[in-house]
S.K.: 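Encoded as structure tokens, here's the structure I'll be asking about.
Hydrogens, waters and symmetry mates are skipped; everything else that's a heavy atom, side chains included, is used. Since the model is a prediction, treat every value here as computed from it, not as a measurement. Order of listing sets the numbers, starting from 1, for every ligand and every atom in it.
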Amino acid sequence: MSDSVPTMTTGGQVPMVRAEAVHKSFGPVEVLKGIDLDVRQGEVFCLIGPSGSGKSTFLRCINHLEKINAGRLYVDGELVGYRQRGEKLHELKDSEVALRRRDIGMVFQRFNLFPHKTALENIIEAPTQVKGVPKAAAREQARALLERVGLADKADSYPAQLSGGQQQRVAIARALAMEPKLMLFDEPTSALDPELVGDVLDVMRDLAESGMTMIVVTHEMGFAREVGDSLVFMDGGVVVESGHPREVLTTPRHERTRAFLSKVL
Ligand code: ADP
Ligand code: MG
């Protein structure tokens, strides 16, 4: 990196994610209009807000799937991208992006498993192909991960043979197989039948207890209240309100937050 790349100033521990005035547009449409937030190491950071408020876009910027147009975004103390007026665009090289993406696990609303691979084959794919982990070791790790998500007996099942909740737990195991330092969850239970949501949330709760840093976009306010360390309410591409989940959920300060919560609680 050149000398002109800004470095982060922190009072103590380096946050896992820091956003400073992050802007993102698609063509003329500005979707993120200056996001400022810190995600501390080891915390469960919940992100809520109406559809279209920019939650997925923000996660995608953190995971290098989108490039920000302005502001500064740091992941684990390293600059992902920035642009100030008059400054040249700072962009990571593709090889740097690939390396950094290894450290971030992402779980989507739709499970995105490879349909023609078994649960175990799905899990060993990235460690063997991307990291060069020997197959035997990757298989052993995959079995341990399947056990961890309560699916020890499903190693040889194909996605179509699993329920949505089981597929999502395989997807979580698959992300964990890369030993990420940050896990992003984008509405991981929104596509599930209600009776399958609990098992997935239990896996996420265990993961939180193990100390994983997690950013969770969710409409599961019970999970946010019980497991979350911080909660941010986004609307229209800005952070409207943030704080401890219990505070924000029980005594929201802003009318927009109240209006949203009255619909989802
Ligand atoms: P949320 O996850 O909060 O529902 P999104 O981040 O998915 O919101 O989307 C925010 C806005 O950005 C929406 O209006 C959406 O249509 C728009 N958007 C998202 N991705 C793209 C894209 N690749 N191209 C154009 N518009 C997009
Ligand atoms: Mg979304």
S.K.: Take every heavy atom of P50, measure it against each atom of ligand 1, and state whether any distance is under 4.0 Å.
M.R.: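 Yes, P50 has heavy atoms under 4.0 Å from ligand 1.
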S.K.: Would you kindly check if the NZ (Lys) or CZ (Arg) of R174 is within the cone defined by 45 degrees around the ring axis of F114 and under 6.0 Å from the six-membered ring centre?
M.R.: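 Yes, R174 lies over the aromatic ring of F114.
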S.K.: Geometry only, no angles: is F26 polar-contacting ligand 1 at N/O separations under 3.5 Å?
M.R.: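 So ligand 1 has no N or O lying under 3.5 Å from an N or O of F26.
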S.K.: Does any N, O or S atom of T57, backbone or side chain, fall under 2.8 Å from the Mg ion (ligand 2)?
M.R.: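 T57 does not place any N, O or S atom closer than 2.8 Å to the Mg ion (ligand 2).
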S.K.: A cation-pi test, strictly: NZ or CZ of K24 under 6.0 Å from the centre of the six-membered ring of F26 and no more than 45 degrees from its axis. Yes or no?
M.R.: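 Output yes; distance and angle both within limits.
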S.K.: Looking at atom 14 (O) of ligand 1, what's its closest protein heavy atom, distance included?
M.R.: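 The answer is G52 O, 4.4 Å.
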S.K.: Counting each atom of ligand 1 from 1 as listed, which ones have a heavy atom of S53 under 4.0 Å away?
M.R.: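 Per the distance check, 1 (P), 3 (O), 8 (O).
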S.K.: Has Q161 got more than 12 heavy atoms of other residues, nucleotides or ligands less than 6.0 Å from its CD?
M.R.: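 For Q161, atom CD is crowded (more than 12 foreign heavy atoms under 6.0 Å).
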S.K.: Does atom 2 (O) of ligand 1 have a protein heavy-atom neighbour under 4.0 Å away?
M.R.: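 Within 4.0 Å of atom 2 (O) of ligand 1, protein heavy atoms are found.
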S.K.: Which residue supplies the protein heavy atom nearest to atom 8 (O) of ligand 1, what is that atom called, and how far is it?
M.R.: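 Scanning the protein heavy atoms, the shortest distance from atom 8 (O) of ligand 1 goes to G54 N, 3.2 Å.
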S.K.: Name the closest protein heavy atom to atom 17 (C) of ligand 1, giving the residue it belongs to and the distance to 0.1 Å.
M.R.: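 Residue, atom and distance for the closest contact: V31 CG2, 4.0 Å.
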S.K.: Please determine whether residues M221 and V200 belong to a single hydrophobic cluster, defined as Ile, Leu, Val, Met, Phe, Trp and Tyr linked transitively by side-chain heavy-atom distances below 4.5 Å.
M.R.: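 Different hydrophobic clusters.
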S.K.: For atom 9 (O) of ligand 1, find the nearest protein heavy atom and state the residue, atom name and distance (0.1 Å precision).
M.R.: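 Going atom by atom, the protein heavy atom closest to atom 9 (O) of ligand 1 ends up being T57 OG1, 3.9 Å.
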